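Heads up, the thing below is written out as structure tokens.
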2 protein chains.
Amino acid sequence: MTDTIRTPVTIEEVAAVAGVSRSTVSRVVNGSTAVSPAALESVRRAIDELNYVPNRAARSLASRATMAIALVVPEDTTRFFGDPFFAAIVSGIHARVSRSDYVLNLIIASDDPHDKATAYLRSGAVDGAIIVSHHTSDSFIDRIAAAMPVVYGGRPVRERERDYYVDVDNRAGSRLATEHLLARGRRKIATIAGPLTMPGGIDRLEGFRAALDAAGLEPAGVEDGDFTSDGAVAATMRLIESGTPFDGLFIASDLMARGALVALARAGIRVPEDVSIVGYDDSPVATSVVPALTTVRQPSLQQGEQMADILLQLLAGGTPPRVTLLETTLVERESV
Amino acid sequence: MTDTIRTPVTIEEVAAVAGVSRSTVSRVVNGSTAVSPAALESVRRAIDELNYVPNRAARSLASRATMAIALVVPEDTTRFFGDPFFAAIVSGIHARVSRSDYVLNLIIASDDPHDKATAYLRSGAVDGAIIVSHHTSDSFIDRIAAAMPVVYGGRPVRERERDYYVDVDNRAGSRLATEHLLARGRRKIATIAGPLTMPGGIDRLEGFRAALDAAGLEPAGVEDGDFTSDGAVAATMRLIESGTPFDGLFIASDLMARGALVALARAGIRVPEDVSIVGYDDSPVATSVVPALTTVRQPSLQQGEQMADILLQLLAGGTPPRVTLLETTLVERESV
DNA sequence: GTGAAAGCGCTAACAT
DNA sequence: ATGTTAGCGCTTTCAC
């Protein structure tokens, strides 16, 4: 029962209690084999007894490594933390990092030039970073990438020869979705897209356009839903109010599809009778709405794991693949 | 245009370029007033030119402070990151910390005795911690609290005289919700509770029971919805299948209310005609479902800001209030 | 106002 | 197998 905050125990004290030198304690802590069983045992006991935890600052100053990885997320926390898609990404990253010797450190960065988070990362607080959900305007990213190995979740905004990233084949996925709508006889197809400042938003819109193009059709409407549920409610209203009729709707995320469903219901438009909709993600949202969403499944958990894995390889001095593209599949439910 | 990762610039190089000693550079970096305008200027220029960022490890080793705060979240990332309630909490914390000299550092901790996150925190990586959404079984918390100042989001599981926390008056809030159902003539009232391993879950159930008790009624059912949408779908089904009729439902979070709405719709039960429901949180979810939820509003953003503020006060050597209880209000919409 | 010097707690040669 | 020594990059007295 500890009632106050104690001053931390140092390696020196452990050495004294164990009756060995600092070096031997350090060897034990770092798992060196060159330690006699007797010394090992007494050091272990001393560590337990004193409740010793090595000081990170000192350790990383001397070893030039922090054994920490940052997951850098954008400032619009509400969008990020409210989307089950990111929950899966974070889960995947955390799962993979847990299996390594590194700790994960989630940092909220902003594009403010005086942003403390960016300075924090550049100050040697972590050995590498994973950057997700970034916008074209995010310049802090370059400053981070100049200081340490970086892996991107999704194609980077301006792709360069040296960028490592793990993405889902967004064009193929949205094409799949749109073709499904076409195959079911829908001809007046609109879309609620993600923001065009984000690669994922751009790529999904392209796939949508390509599929319509191949069928000799024009979009019945294109609205930006901002990857949020509320944004999609507004986008759907704009679509309805525009007066252009539509009988099919491709929506670039399940979360936005939920918003669209709400707006459609309010307007008395039935799904799938009046309009068929296909979402994207196959996140938990897809099955928690009525009607359950036909959607494009992307392996988000796996995407997170891969990103972490690639960064880990980079930190270990390996040569992982620069680009990893994950496949999507169509999941048919009740909304088409 | 930097193509490779450079070796970091040290204070020594800055001093050389500026033509002063390390001490003077350090004074400038730390905002000491005792520096001549000329020296200040040349140091600033050197820092800019070299793109200098002080090494954190060295700095915190020497100063015994990290200027970093941890936000410790539980391991079930899917639940945490999928709930808009937490998005608001994180937003509030981040907003307050942004206005200070500290950086925020989100850490996922688990109860595994070998958990690296706990060791990370105990190794002096941060100066203080905010702990949210913890369970009765989370023992890692004590180990963290023994090493640094801690502020809890919500009443701690086992409250002690020295614990600082910011909570919403959960009992009053759930009582408010239940009384509203009663006032509208509902008499067979059931509840979908949060897990009883979490203070928030316990307190809201107590308020619910207290309100019914005061009216001389018994609950028409109590099911654990686990604070997730899916958990609430299952809980609602159990309620329906139990055969005990109910005409009112208090649900301990809006996210769970959404799940309940789905289950109710599938069973052909109309809201609010057949059963009235009241949620809890007034998160964005409340207005993105049909019918829009009557719910208990809690100031989540403000709760986050307060937690950060109190920790900041603690770190500054102040004496903030040990317990802060935020008020709730009922927001009437269409589900009652 | 400025510099010299000591030291924060640890790792990593280098001896032995 | 173990101890000694020299830093890692910074802050912080202490002189001047």
Side-chain angles (χ1 to χ4, degrees), chain A residues 6-44 46-47 50-68 101 119-120 122-127 147, chain B residues 6-44 46-47 50-68 101 119-120 122-127 147:
Chain A
R6 323 169 243 203
T7 52
V9 176
T10 69
I11 198 172
E12 204 76 54
E13 305 174 47
V14 175
V17 170
V20 299
S21 72
R22 294 200 315 231
S23 317
T24 300
V25 177
S26 177
R27 288 188 187 100
V28 171
V29 168
N30 293 294
S32 161
T33 47
V35 178
S36 70
L40 184 71
E41 179 52 24
S42 70
V43 169
R44 284 220 176 114
I47 287 177
L50 298 175
N51 224 316
Y52 171 67
V53 180
N55 178 301
R56 291 210 124 238
R59 202 204 267 238
S60 82
L61 186 56
S63 69
R64 320 178 134 275
T66 64
M67 300 310 280
D101 288 332
Y120 175 76
R122 302 215 314 141
S123 70
V126 298
D127 296 335
Chain B
R6 323 169 243 202
T7 52
V9 176
T10 69
I11 198 171
E12 203 76 55
E13 305 174 47
V14 175
V17 170
V20 297
S21 71
R22 297 200 313 231
S23 316
T24 300
V25 177
S26 177
R27 287 189 187 100
V28 171
V29 168
N30 294 294
S32 161
T33 47
V35 178
S36 70
L40 183 71
E41 178 54 23
S42 69
V43 169
R44 283 220 176 114
I47 288 177
L50 298 175
N51 223 317
Y52 171 68
V53 180
N55 177 301
R56 291 210 123 237
R59 193 183 234 195
S60 83
L61 186 56
S63 70
R64 325 181 127 274
T66 64
M67 298 312 280
D101 288 332
Y120 176 77
R122 301 215 315 140
S123 70
V126 297
D127 295 335

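Residue numbering restarts at 1 for every chain, and letters A, B, ... go by the order of the sequence lines. Remember, predicted model here, so these are calculated numbers, not experimental data.
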What are the two closest non-hydrogen atoms of [X] and [Y], and how far apart are they?
X         : Y        : answer
Pro54(B)  : Val29(B) : CG-CG1, 3.9 Å
Ala57(B)  : Leu61(A) : CB-N, 4.0 Å
Thr24(A)  : Val35(A) : CG2-CG1, 4.3 Å
Val14(B)  : Val43(B) : CG1-O, 4.4 Å
Tyr120(B) : Ala68(A) : CE1-CB, 4.5 Å
Ser60(B)  : Ala65(B) : CB-O, 2.9 Å

Open item on the list: Here's a test of your reading of the structure: between Ser21(B) and Thr10(A), which maps to the more 5' nucleotide of DNA chain C?
Closed with: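 Its nearest nucleotide being more 5', the pick is Ser21(B).
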Task: Residue met sooner reading DNA chain C from 5', once Leu61(B) and Thr33(B) are mapped to nucleotides - done: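 Upstream on the strand: Thr33(B).
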TODO: Could you tell me, to 10°, how much the axis swings from one end of the helix from dG1(C)-dC16(D) to dT16(C)-dA1(D) to the other, five pairs per end?
DONE: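 Roughly 40° between the end axes, to the nearest 10°.
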Can you tell me the distance, in whole Å, between the [atom1] atom of [X] and the [atom2] atom of [N]?
X        : N       : atom1 : atom2 : value
Asn55(B) : dC10(C) : CG    : P     : 17 Å
Glu13(A) : dC10(C) : CD    : C1'   : 14 Å
Met67(A) : dC10(C) : CE    : P     : 17 Å
Arg56(B) : dG9(C)  : CZ    : P     : 18 Å
Arg59(B) : dC8(D)  : CZ    : C1'   : 16 Å

Open item on the list: Run the side chain to side chain contact (heavy atoms under 4.5 Å, CB included) test on Asn55(A) and Thr10(A) for me, step by step, so that the C-alpha distance in whole Å, both residues' side-chain angles and the decisive distance to 0.1 Å come before the verdict.
Closed with: CA-CA 8 Å; Asn55(A) 178 301; Thr10(A) 69; over 6 Å; no
Task: Contact residues, residues 34-44 of chain B to DNA chain D [heavy atom, < 4.0 Å] - done: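 None - not one residue of the stretch has a heavy atom sitting under 4.0 Å from the strand.
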Open item on the list: Classify Val29(B) by what it touches in the nucleic acid, base, sugar-phosphate, or nothing, heavy-atom distance under 4.0 Å.
Closed with: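 It contacts nothing in the nucleic acid.
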I want to check one thing: is the phosphate of [N], taken as OP1 and OP2, less than 4.0 Å away from some side-chain N or O of [X]?
X        : N      : value
Arg64(B) : dG9(C) : yes
Tyr52(B) : dG9(D) : no
Ser60(A) : dC8(D) : no

TODO: Just do the side chain to side chain contact (heavy atoms under 4.5 Å, CB included) check on Asn51(B) and Val9(B) with the steps written out, would you?
DONE: CA-CA 8 Å; Asn51(B) 223 317; Val9(B) 176; 5.7 Å; no
What distance separates [X] [atom1] from [Y] [atom2], expressed to the nearest 0.5 Å?
X        : Y         : atom1 : atom2 : result
Arg56(A) : Ser123(B) : CZ    : OG    : 4.5 Å
Arg59(A) : Ile11(A)  : CZ    : CD1   : 8.5 Å
Ser23(A) : Asn30(A)  : OG    : CG    : 11.5 Å

Open item on the list: Checking contacts here: which listed nucleotide (dT11(C), dC10(D), dG9(D)) is nearest the side-chain heavy atoms of Ile11(B)?
Closed with: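 Shortest atom-to-atom distance from the side chain points to dC10(D).
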Open item on the list: Can you tell me which nucleotide in dG3(C), dT2(D), dG9(C) comes closest to the side chain of Thr24(A)?
Closed with: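 Selected nucleotide (nearest to the side chain): dT2(D).
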What pairs of nitrogen or oxygen atoms, one from the protein and one from nucleotides 12-16 of chain D, lie under 3.5 Å apart?
unit_1: dT12(D); atom_1: O4; unit_2: Ser23(B); atom_2: OG; d: 3.4

